[in-house]
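Excluded from the calculations below are hydrogen atoms, water molecules and symmetry mates; all remaining heavy atoms, backbone and side chain alike, are included. Residue numbering restarts at 1 for every chain, and letters A, B, ... go by the order of the sequence lines.
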Amino acid sequence: MQIAATYDPEGFKDRGFVQAISEEGDAAGQPRAVADLEAEIGTLEAASAPDAPDHPRWIWPATADLAPALLRRGVRVDRCHDLALTEALLVAYEGRCGAPRSLGAAWARLHGLPVPPDRAEGTLEAPADNPTTQPALFEPDRSGLPPDADPLRAVREVHAEQLRRIAATEHPGRFRLLVAAESAAALAAAEMAHHGLPWRADVHGEILAEILGPRPVDGSPPRAMAAATAELAAALGVRALNPDSAPQVTKAFADVGVKLPSLRRWDLEKIDHPAIPLLLKYKELSRLYSFNGWVWRDTWVVAGRFRPEYTVGGVVTGRWAARGGGALQIARRLRKAVIADPGWVFVAADAAQLEPRILAAMAQDPGMAEATQSDDMYAALAGVFEGSRDQAKLGLLGAMYGQTGGGAAAPLALMRRRFPKATALLDEAAREGERGRLVRSHLGRTCPPPSERWQSAIAGDAEADAADDSNRRSGQVARARGRFTRNFVIQATAAEWAEVLLALLRQRLRRLDGAQLVFFQHDEVLVHVPKEHAAAAAGMIGECAALAGRLVFGPGPVRFPMSVHSVECYGDAK
DNA sequence: GAGTGGAGCGCC
DNA sequence: AAAGGGCGCTCCACTC
């Protein structure tokens with residue numbers, strides 16, 4: 001059963017409307033005003049089992065606006081159709097990537113009215129002392145609907161129109177799966193933000209103290225950083241130096257006769273001078289201090305949980321973005337602070353070599369598909385690449401990233417010869433990009449059109465006097481676009497496979513009392529679960545990975561193995 | 001003093 | 001001759 005649901009944009013926070021609608025998107029019941037929309041949703045969710053045929057699928061403006069409030073009240077929703085996320089997928093498919101996606105925008109487009117811009121998402125505030133703080137009585141309305149519009153009717157109309165547009169895509173079944181997975185992912189993201197990632201502030205503090213020294217009381221740099229700065233200055237023969245200042249560092253090295261091509265670690269490591277290791281040491285310490293130091297811990301770890309906010313579809317390729325605390329860049333050495341509650345464990349799973357497997361499945365390349373039978377594709381292909389696993393990895397990754405030169409040249413040539421179908425798929429995507437065309441993932445997520453810079457570089461090509469220079473530049477811009485589209489088809493399809501996996505896993509984990517999804521990072525998932533359920537959760541992850549492969553690509557030979565570990569500490573997972 | 005852009009790092 | 005995709009975050013330098 002599908003139920004349209006929306007807050008009353010005019011009313012108190014909790015007021016809203018619901019109405020049953022048919023599979024085709026038509027009204028199938030009377031609209032009802034309810035005094036407490038969240039309670040109403042909870043009641044209807046609880047009225048039937050999740051796998052019952054009449055269990056609700058909520059058609060609503062935006063999961064990100066509704067799900068947090070529902071979770072605060074203990075309401076867990078099973079399925080939804082997120083109109084804003086779907087609208088974003090559809091406008092991108094139709095070549096208008098980035099067009100406003102709110103319910104109000106979609107409704108205005110439908111009626112030929114001026115389209116309001118999306119309301120900027122508020123910047124994420126550091127969490128308050130009490131993470132369950134009640135929201136304000138009036139929530140700002142983000143729907144973008146004009147005040148005189150009937151919100152329920154807008155939901156109904158936009159939904160019906162979206163169903164029509166989905167049916168008009170080249171592969172409607174695939175697109176429907178994409179919409180379902182994206183909507184389920186939004187529910188999962190809200191749940192993860194609600195649960196938070198277990199984080200031991202005391203263990204974090206021990207790591208910092210060990211590496212940086214005691215916490216400074218006055219905002220001065222910690223002991224180890226001050227020492228590294230002093231040693232660096234001494235080695236360069238200067239009295240004082242700010243190692244974070246590129247001009248100062250460049251000049252100090254120049255004064256001792258060393259020309260630095262850049263301050264990147266990669267470039268610095270090639271230079272033989274006693275001050276270089278000191279500079280690298282400083283950069284390492286400084287990164288920890290400024291990015292994940294005491295200030296970070298005190299800001300983001302509240303009541304034993306790290307609570308970032310995830311943005312589903314926040315990246316053009318369909319990967320999630322995260323705001324707050326750099327959630328998708330948790331440094332490896334800090335994962336020691338991610339420790340399960342007493343009696344609980346993490347079941348940590350990551351998809352092994354996901355992107356080459358995605359390529360094998362998309363391209364239906366028999367040689368690559370054969371290699372996916374192994375848990376280590378690169379090792380399985382070493383024979384093809386003159387016995388070297390490293391060369392196999394270089395060839396596969398280089399082909400997907402658009403690398404051409406350097407050490408990758410030889411393995412890329414082998415890749416081209418031995419896996420022609422896979423190479424052809426990538427080359428085709430790159431060619432389309434270089435011509436300014438759009439490319440799509442397997443399920444239909446579509447890349448943005450070329451930037452203005454790209455357009456003007458190509459256009460400027462014809463007019464420029466210095467034709468050589470201009471040609472070279474426009475060629476560079478076109479090739480950069482080609483590398484983007486080449487990678488897009490793989491990264492975007494990998495992201496949708498991962499979202500399908502997440503959607504399946506989220507459903508299945510309901511059977512395990514207490515199990516919580518607490519972290520998701522592109523191809524990796526962390527489940528926090530009572531110890532006695534760890535084996536069951538691990539089994540579910542493997543099953544869901546295999547099922548995700550069949551749902552996205554249909555039956556086929558490509559394997560998607562997961563590497564799964566039950567650990568008390570995330571740092572022990574790999 | 002606030003805002004912007006680039007450099008650089010580290011996660012996938 | 002060389003030519004690697006996506007992000008978030010922090011720093012500095014620079015501009016207004």
Side-chain angles (χ1 to χ4, degrees), chain A residues 123-124 221 225 241-250 260-269 279-280 282-293 295-296 299-300 308-311 313-335 350-356 358-359 393-409 411-412 426 429-430 433-434 439 441 445 447-448 472-473 475-495 498 519-525 570 574:
Chain A
T123 48
L124 187 63
M225 274 171 74
L241 178 73
N242 176 3
D244 284 325
S245 164
Q248 282 185 41
V249 172
T250 310
L260 302 178
S262 81
L263 295 181
R264 278 183 221 117
R265 199 176 65 191
W266 182 250
D267 285 329
L268 295 177
E269 278 169 349
L279 178 57
L280 293 173
Y282 174 87
K283 284 157 92 68
E284 185 192 339
L285 296 172
S286 159
R287 167 94 188 170
L288 177 64
Y289 173 66
S290 61
F291 205 86
N292 289 122
V295 172
W296 182 94
T299 306
W300 293 108
E309 189 174 287
Y310 301 94
T311 311
V315 178
V316 288
T317 57
R319 282 182 172 183
W320 293 12
R323 289 184 307 147
L328 299 184
Q329 301 131 271
I330 298 175
R332 289 184 170 276
R333 58 185 166 184
L334 285 179
R335 295 181 185 181
D350 74 291
Q353 304 158 345
L354 178 58
E355 298 195 343
I358 292 288
L359 172 59
K393 185 173 178 176
L394 215 53
L396 261 57
L397 293 181
M400 289 187 291
Y401 288 158
Q403 196 173 359
T404 50
L412 281 168
L426 295 167
E434 288 184 19
V439 296
S441 70
R445 191 186 303 271
C447 76
R472 195 165 60 242
R473 204 168 37 243
Q476 280 171 7
V477 173
R479 278 192 297 279
R481 170 82 186 168
R483 284 193 297 278
F484 167 64
T485 51
R486 169 191 292 271
N487 185 251
F488 180 93
V489 295
I490 302 300
Q491 191 180 117
T493 305
F519 192 56
F520 172 67
Q521 182 171 236
H522 311 317
D523 61 357
E524 180 180 359
V525 62
Y570 186 28
K574 274 187 188 173

| task | Please list, in 5' to 3' order, the outermost nucleotides of DNA chain B lying under 4.0 Å from any heavy atom of chain A. | result | B/dG8 to B/dC12
Nearest-0.5 Å distance, [atom1] of residue [X] to [atom2] of residue [Y]:
X: A/Glu309; Y: A/Trp320; atom1: CD; atom2: CH2; result: 12.0 Å
X: A/Tyr401; Y: A/Leu394; atom1: OH; atom2: CG; result: 12.0 Å
X: A/Lys283; Y: A/Leu268; atom1: NZ; atom2: CG; result: 6.0 Å
X: A/Leu328; Y: A/Glu524; atom1: CG; atom2: CD; result: 10.0 Å
X: A/Glu284; Y: A/Arg333; atom1: CD; atom2: CZ; result: 5.0 Å
X: A/Thr311; Y: A/Arg323; atom1: OG1; atom2: CZ; result: 5.0 Å

| request: For A/Tyr401 and C/dG5, say yes or no: do the ring centres fall under 5.5 Å of each other while the ring planes differ by less than 30°? | output: yes
| said: Less than 4.0 angstrom between a side-chain N/O of A/Arg483 and OP1 or OP2 of C/dG4, yes or no? | reply: no
Assign [X] to base, sugar-phosphate, or nothing according to its heavy-atom contacts below 4.0 angstrom with the strands shown.
X: A/Arg319; value: base
X: A/Gln491; value: base
X: A/Gly325; value: sugar-phosphate
X: A/Ala327; value: nothing
X: A/Gly398; value: nothing

Can you tell me how far [atom2] of [N] sits from [atom1] of [X], to the nearest Å?
X: A/Ile490; N: C/dG6; atom1: CD1; atom2: C1'; result: 14 Å
X: A/Tyr282; N: C/dT10; atom1: OH; atom2: P; result: 15 Å
X: A/Phe488; N: C/dG4; atom1: CZ; atom2: C1'; result: 17 Å
X: A/Tyr310; N: C/dG8; atom1: OH; atom2: C1'; result: 13 Å
X: A/Ile358; N: C/dG6; atom1: CD1; atom2: P; result: 18 Å
X: A/Glu355; N: C/dG6; atom1: CD; atom2: P; result: 12 Å
X: A/Phe484; N: C/dC7; atom1: CZ; atom2: C1'; result: 12 Å
X: A/Tyr289; N: C/dC9; atom1: OH; atom2: C1'; result: 16 Å

Table please: side-chain donor-acceptor pairs of residues 484-491 of chain A below 3.5 Å, with sequence neighbours left out.
unit_1   : atom_1 : unit_2   : atom_2 : d
A/Thr485 : OG1    : A/Ala429 : O      : 2.8
A/Thr485 : OG1    : A/Arg481 : O      : 3.2
A/Thr485 : OG1    : A/Gly482 : O      : 3.1
A/Arg486 : NH1    : A/Ala399 : O      : 3.0
A/Arg486 : NH1    : A/Asp427 : OD1    : 3.4
A/Arg486 : NH2    : A/Asp427 : OD1    : 3.1
A/Asn487 : OD1    : A/Gln491 : NE2    : 3.2
A/Asn487 : ND2    : A/Met400 : O      : 3.4
A/Gln491 : OE1    : A/Thr317 : OG1    : 2.6

| message | With a 4.5 Å cut-off on side-chain heavy atoms, are A/Tyr570 and A/Phe519 touching? | response | yes
| message | Any donor-acceptor pair, under 3.5 Å, between the side chain of A/Gln329 and the base of C/dG8, if you only look at N and O atoms? | response | yes
| Main-chain N/O of A/Gly325 paired with A/Trp296 side-chain donor or acceptor, under 3.5 Å | yes
| message | Closer than 3.5 angstrom, by distance alone: can the side chain of A/Arg265 be matched with the main-chain N or O of A/Leu280 as a donor-acceptor pair? | response | no
All N/O pairs under 3.5 Å across the protein-nucleotides 11-15 of chain C interface:
unit_1 : atom_1 : unit_2   : atom_2 : d
C/dA13 : OP1    : A/Ser245 : OG     : 2.6

| query | When the C1' atoms of B/dG10 and C/dG4 are considered, how many whole Å apart are they? | reply | 16 Å
